[in-house]
Amino acid sequence: MSFFLKVIVRIFFFLSLFLFTQKSIAQFGVGNVLKKQAEKLVKDKLVEKTEEKRESYDTLSFNYAIAFLDKTESFENQQKGEGLIKTANFLLRDDEPQTDLEAARDIYDFGRLNYNMGNQFMAETNLKLAKLKYEQISGTNEPNYLKSIGLLGLLYSDMGRYTKAEEFTQKALEGWEKLQGEESIGYLAELNNYAVLQINLGNFIEAERIIQQLGRKLNAEKENEMLPYAIYLNNEAILNQYMGRVDEALGLMRECSDIAKESLTEKNSTYLQFLTNKAILEQENGDLETAENTFQQVLDLQESRLKLNAKNDPDYAHMKSNIAALYVEKGEYDKAEEALKLALEIYQDKFGAEHLTTAGTQSDLGNLYRFLGENEKAEPLLQSALYTRERKLSKTHPKVVKSQEDLALWFWANGQIESANSYFKRVMETSKEFIKDYFPALSEAEKTKYWEQLKPRFFRFYNFALENHQEYPELLEDFMRYRLSTKGILLSASTALRNAIFSQNDEELTALYEQWLDQKQQLANAYALSDEEIKEQSLNVDSLENATNQTERELSVKSEAFSSAYEGRNTDYKALFNKLKTGQVIVEIVQYPIYDKQLTSKNAYAYVILKKGQEKPSIIINKEGNLLENRYYSYYNNVINQKMKDDYSYAQYWKSLENEIGNASRIYISPDGIYNQVNMNTLQQPNGKYLIQDHDIRYIGHPNDILFEKSAQSAGQQTAFLMGDPNFNSQSIAQLPGTRKEIQEISKYLSPSMKMQKYLSNEANESNLKQVQSPKYLHLASHGYFLEDKQANDNLFGVQLQYIRQNPLLRSGLLLTGAGAEESSGSSQSFNQSDNGFFSAYEAINLNLNNTEMVVLSACETGKGDVKAGEGVYGLQRAFIVAGAESLVMSLWKVDDTATQKLMSGFYRENVQGKAIPDAFRSAQLAMLNEYKHPYYWGAFIMFSR
């Protein structure tokens with residue numbers, strides 16, 4: 001406080017004190033003789049009371065770091081009346097000698113005042129002086145000593161000096177634990193600040209651990225913890241957003257703003273920032289109208305709060321920079337530019353050109369100009385943003401990586417390919433590290449969301465590499481390396497976890513795994529209950545989902561399965577060349593969105609062909625991906641189901657590959673996108689022959705699968721588990737007598753060499769299927785089902801709409817005994833009922849099929865599901881692979897009962913006569929082709945191996 005300000009405050013204070021003492025003396029009738037004694041008595045009493053109050057405030061008031069999607073700030077949780085009491089205490093003692101402790105406390109207060117006013121230099125100077133003063137007088141057990149240290153940690157975090165920030169925050173945290181314990185509000189405040197620091201550093205796993213600890217300790221019911229609890233919810237929301245848990249983030253943010261509204265006024269800047277976070281999350285969830293309304297509410301309150309000075313305030317700039325993103329999404333580019341320019345002007349004036357907040361808006365405005373083709377305006381902004389972020393943040397911080405990618409895209413747009421490639425290399429390598437570091441601590445649902453956020457970066461690089469690889473051949477190697485490292489990454493994470501559980505003799509890990517399976521079964525049962533039944537049984541589905549995810553996270557971390565599998569994954573396409581034999585070819589199919597200043601809704605397909613004898617892959621690009629997925633697929637599907645001649649599909653799906661593949665005897669197809677739904681074997685060539693007649697086509701999930709291909713059948717458990725002809729108890733679901741004959745025929749071929757487990761009619765139920773224990777063969781013959789999201793009604797097969805839409809594994813499955821009974825509708829199930837006749841892919845994923853060589857899903861459309869780029873089909877196919885199956889036979893369309901029975905019988909007959917599974921399957925299909933000329937009868941089934 002300046003000398004003049006201090007004099008003015010002192011004058012006003014003593015005027016009020018004089019009036020108070022005069023009134024007190026007159027009230028008690030004290031004469032002039034005793035006036036000085038009375039004044040001293042009153043003053044001493046006031047000093048005693050203010051000192052008592054001040055000590056209370058020293059213990060209860062703290063600064064809490066608050067995370068935002070684009071910056072971090074701090075909220076000073078100042079107790080009501082604290083400022084007045086501290087001023088009174090300071091002035092009342094002004095004419096009296098100060099103790100060393102009082103002097104140290106005043107220095108701290110001055111540092112804290114400067115921190116809250118944004119005067120970083122003065123704040124650092126006084127806080128360091130306060131720290132030194134306390135240490136000199138042996139006052140390190142004083143709360144304000146620890147608060148000085150903690151506030152220095154916050155200050156250094158604001159300044160981007162994260163090494164110093166971590167040092168001071170940890171020291172303050174240790175001090176509070178020693179002084180008042182882990183339940184004290186001081187410890188919790190520093191724990192919160194340490195969590196936000198970890199978010200700033202990009203250490204999301206550590207941040208999550210700390211935030212979970214904080215959530216367990218804070219109590220929203222306590223008055224002095226209500227606002228800290230709101231801040232904790234906000235920070236957890238932002239962390240969830242960074243980690244891809246968008247829905248969970250928005251729920252937390254809504255809860256935060258509701259709690260904060262009770263503790264703060266509507267015009268409080270912290271409350272407005274909470275609302276801003278909420279608006280951003282609403283936008284990222286696709287609710288643009290609600291987001292714009294929330295943004296406008298914030299802007300109106302901000303202008304009302306600051307009146308004439310509103311448009312020069314950083315908070316106002318913050319709101320404008322965030323609403324600009326919404327304008328861009330709505331295509332209102334002029335509004336976006338205006339908002340960003342205003343925000344940048346305010347930030348530069350308030351914080352300077354080299355501040356992280358300024359850099360964030362420079363990045364946004366630069367990217368807007370780049371998108372609009374105004375490259376000369378874009379470059380200096382993007383360069384400045386990267387310069388600041390690299391100086392202030394760690395090299396692997398997500399914001400640094402984003403700025404590097406922004407410049408890579410700018411250089412590409414300007415034809416400077418070598419510079420673009422230099423930046424892209426850094427970006428892609430760091431992104432691979434993100435996967436390795438973050439994936440292990442996420443559940444599958446969380447991995448999916450995180451990958452959805454990260455995947456567009458790989459798509460942008462694919463566009464860059466495929467456009468420029470002829471001039472710069474090394475880009476082809478980079479493209480293949482990143483493709484091999486990420487294709488099927490979510491599927492590999494799930495299978496790696498299961499493999500680790502079964503391969504490690506760890507009782508604790510196994511117990512945790514069994515707990516997880518039980519939780520997932522409870523969830524499957526809960527999904528089949530109506531809202532009324534959930535309420536009657538006092539179930540909390542959200543809590544059960546959270547508990548299941550938490551168990552899965554613990555499993556992932558403890559097993560270290562994903563990290564080992566990911567680090568050990570082959571990323572060198574030359575290893576694939578070396579594995580191929582003469583006459584063999586791999587076709588890696590890559591679906592990706594076309595980039596045109598941004599990723600568009602138009603898809604392209606790249607066919608990467610690896611042929612024995614070549615030095616490098618051949619690449620063929622088809623930019624008519626949307627036609628392949630819509631018009632051409634509709635034609636293919638229609639002619640198959642109408643049993644018509646197809647003179648068209650070969651030209652669309654295969655002809656461009658013809659020259660590169662040549663007369664290859666065996667073709668390994670690693671499909672993507674629509675190629676998961678079209679059986680290449682069924683394409684008819686111009687000479688009238690089908691591809692199956694000239695080529696041995698084998699579907700694999702990943703090119704690396706050929707590195708581990710089995711040359712002979714394993715000598716595992718010789719058991720066959722066969723199930724068919726379920727009793728549906730329904731007039732609306734047709735019985736399948738052909739499946740009984742199918743099971744009997746298969747049993748006849750297999751029974752001499754292996755133990756049989758057969759379940760027919762009423763025994764063909766879920767309960768028996770869920771007891772399966774790693775058979776060699778698992779054969780299921782029944783009806784299958786898959787419904788598109790748009791086809792889902794309020795209650796599909798006993799599963800409620802809200803759960804169906806969030807998980808495609810609930811929309812595909814098999815019908816078993818009891819599927820037609822009224823009790824299967826979900827209207828009268830109990831929570832423990834798990835045998836309703838609808839066996840979903842969500843339940844199939846829990847089966848024990850470790851070391852199962854083959855699963856045959858002899859039913860309609862068992863190969864259908866939600867197709868995701870680079871990840872295959874989310875449906876029964878994925879479920880049984882994750883459950884452990886090495887090979888899977890499934891159908892792409894509705895099958896003929898009689899033809900299917902003949903195909904399956906021929907398949908097993910060929911197999912028991914000594915042919916390997918893939919060879920036996922192809923032989924059976926060729927035999928069927930001789931009897932049934934149209935592929936409708938023999939081509940519905942494909943074999944998928946891993």
Less than 3.5 Å apart, which donor and acceptor atoms pair up between the side chains of residues 458-465 and the rest of the protein, not counting sequence neighbours?
{"from": "R460", "atom 1": "NE", "to": "E405", "atom 2": "OE2", "distance (Å)": "2.6"}
{"from": "R460", "atom 1": "NH2", "to": "E405", "atom 2": "OE2", "distance (Å)": "3.3"}
{"from": "N463", "atom 1": "OD1", "to": "Y595", "atom 2": "N", "distance (Å)": "3.0"}
{"from": "N463", "atom 1": "ND2", "to": "F459", "atom 2": "O", "distance (Å)": "2.8"}
{"from": "N463", "atom 1": "ND2", "to": "P593", "atom 2": "O", "distance (Å)": "3.0"}

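- Side chains of Y333 and E337: a donor-acceptor N/O pair is absent below 3.5 angstrom, by distance only.
- No side-chain donor from either of E354 and T388 sits under 3.5 Å from a side-chain acceptor of the other.
- For T430 (side chain) and R426 (main-chain N/O), a donor-acceptor pair under 3.5 Å exists by modelled atom type.
- One finds the CD1 atom of I674 at 5.5 Å from the OH atom of Y633 (value rounded to the nearest 0.5 Å).
- Counting non-hydrogen atoms of neighbouring residues, nucleotides and ligands closer than 6.0 angstrom, the CD atom of E338 reaches no more than 12 such neighbours.
- What you find for I211 and A195 is that their closest heavy atoms are CG1-CB, 3.6 Å.
- Checked by atom type and distance alone, the side chain of D672 pairs as donor or acceptor with a backbone atom of Q591 at under 3.5 Å.
- For Y482 and E429, the side-chain atoms include at least one donor-acceptor pair closer than 3.5 Å.
- Between the side chain of N626 and the main chain of N603, a donor-acceptor pair closer than 3.5 Å is present.
- A 4.5 Å side-chain heavy-atom check between I210 and Q198 finds at least one atom pair inside the cut-off.
- For K402, the NZ atom sits in a packed shell: over 12 heavy atoms of surrounding residues, nucleotides or ligands are nearer than 6.0 Å.
- Side-chain contact between L381 and L344 is present, with at least one heavy-atom pair separated by less than 4.5 Å.
- The ring of Y271 has its center no closer than 6.0 angstrom to the ring center of F274.
- A donor-acceptor pair is defined here as one N or O able to donate and one able to accept, closer than 3.5 Å; no such pair exists between the side chain of S384 and the backbone of P380.
- The backbone N or O of R254 lies less than 3.5 Å from a partner atom in the side chain of S257, making a donor-acceptor pair.
- Ring centers of Y450 and F434: at least 6.0 Å apart, outside the cut-off.
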